Amino acid sequence: MFTKDLIDNLLSSSVEEHLHKKIEEIKKKDKEINSFITLGIEEAEKKAKEIQKKIDENKQGKLSGLVISIKDNIAVSNLRMTCGSKVLENYIAPYDATVTNLIKKEDGIIIGKCNMDEFACGSDGTSSYFGPTKNPVNLDYVPGGSSSGSAASIAANFSDLSIGSDTGGSIRCPASFCGVYGFKPSYGMVSRYGLSDMAMSLEGPGPFAKDTYGIALLLDVITGKDPRDTVTIERDSSSYLKTVEDFKECDIKNLKIAYAKEFFEGVDEGIKKIILDKIGNLESHGAKIEEVSLPNLKYAISIYYLVVFSEFSSAMSKFDGFKYGHYSGGQDIVEAVSSTRETAMGTEVKRRVLLGTFITMEEVRGKWYTKALKARSVIKDDFKRIFNSYDLLIGPTMPTLPWKIGERISDPLAMYSADILTVSANLAGVCASSQPVGKVKGLPVGLQLHANSLSESKLLKGMRAVEIANGGM
Ligand code: GLN
């Protein structure tokens, strides 16, 4: 296993050397890829020294000097936190997010803050105020979004692990496009304290890695109850890492996996072929695979965007130029707030604030927002029904291959449609993952697995099963 070997090597070689190799790579290649907005090299070097000492005394934490990058909507104290926006161009986080704190405690080295779509609104990594991130697999193509820099930093070998956030696919989409592993935990499994919210009922932070082992390792560190985020849930004390380590080829036959035909409708033929082939591999290893139906999947995008617009417009109300960030000035408060927003927010962010403000107006609330909430519970029920009989739900992560940079930026509906296979996991609050399973025309294809809420262990077993069934690590 890649990440396991890496840790074994770190324990017997030098953490500082490992960090310096990463810094060299970043300096050489990140001007072009643009996966980082801010680097924290000095602090990282200091931390590497400390961890080396701990390793020499055999007192290191679980992450033992792995180099970790963090999406720029998650607070790392004393580092700039921009959310990919001019609004927060000069904002320095005064405290650590809970995930950051947990990573530091377990001796991860935080190397820097990753580029992202502005305020996490996007599916391809091109709407950042700090310029688009490029896909390390092919620089002409998008890396996926909104956690574009997190996925790219793993694919380019700039970091060993990364943290992103997923509101409607922002971990799984870039993981799929960049050919790395991404995991969206169940709602409430990872604290949102220190995450700048986009749509608070849908989202949470989650890990990126090069393999299932890396995902499990980081999940063991970041999951669990946090008194600072009231929706967080106590997790059982069993180790995710051990679940992955102990999983054997013969365990594949104990998995009951559903696949929904709707997940394959309108999907690129090359992607479809690869995913069906992988499902076949699982079946030949003894997994039970059956077809099910998700009849309401066709409504998922409309429901998701109505919920997002509403929650996002409310989340953005704090960025008025007075409490936080960029301030443009004006004759009176109304002019000051509008000119601040006019000059500092990008097109997609403004579009969502305006639409969200409109659909939550008293007069039209029942027409859009209330209906969306009712429809959301129908999607939830569909997932519940499936997980009453199956361990996992399988399909592609994305309906298309990565597109060329700039191709969809002025077509919001085309951009939104890319989320068709990822948003329902967020609407239902279940956990879901993406892992690389092949390439079409030289571009990565991701396989998506879902498991019931709080069934992260099952999901990790599924990821490991796919890894093994494909002859991997
Ligand atoms: N692409 C989706 C959106 O733009 C998902 C974003 C996310 O998960 N943060 O809303």
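Values in this document were obtained by computation on a predicted structure and should not be read as measured data. Just so you know, ligand 1 is whichever comes first in the structure, and atom 1 is the first atom listed for that ligand. Numbers here are sequence positions counted from 1.
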Holding to side chain to side chain donor-acceptor pair (under 3.5 Å), I want the full list of residues that pass it with [X], two or more places apart in sequence or in another chain.
X: Glu32; result: Lys134
X: Glu342; result: none
X: Arg228; result: none

Original post:
What does the list of residues with a heavy atom under 4.0 Å from ligand 1 look like, ordered by chain and number?
Top reply: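 Within 4.0 Å of ligand 1, protein side: Ala120, Cys121, Gly122, Ser123, Ser146, Asp166, Thr167, Gly168, Gly169, Ser170, Met198, Tyr304, Tyr305, Arg352, Asp419.
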Subject >> Asp382 with Arg385: basic N within carboxylate O range, under 4.0 Å >> reply: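 Judged by the 4.0 Å cut-off on N to carboxylate O distance, Asp382 and Arg385 do form a salt bridge.
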Original post:
Does the ring center of Trp403 lie less than 6.0 Å from the ring center of Phe177?
Top reply: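 Trp403 vs Phe177: aromatic centres under 6.0 Å.
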Original post:
Is the distance between the ring centroids of Tyr129 and His326 less than 6.0 Å?
Top reply: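 No, the ring of Tyr129 stays outside the 6.0 Å limit from the ring of His326, centre to centre.
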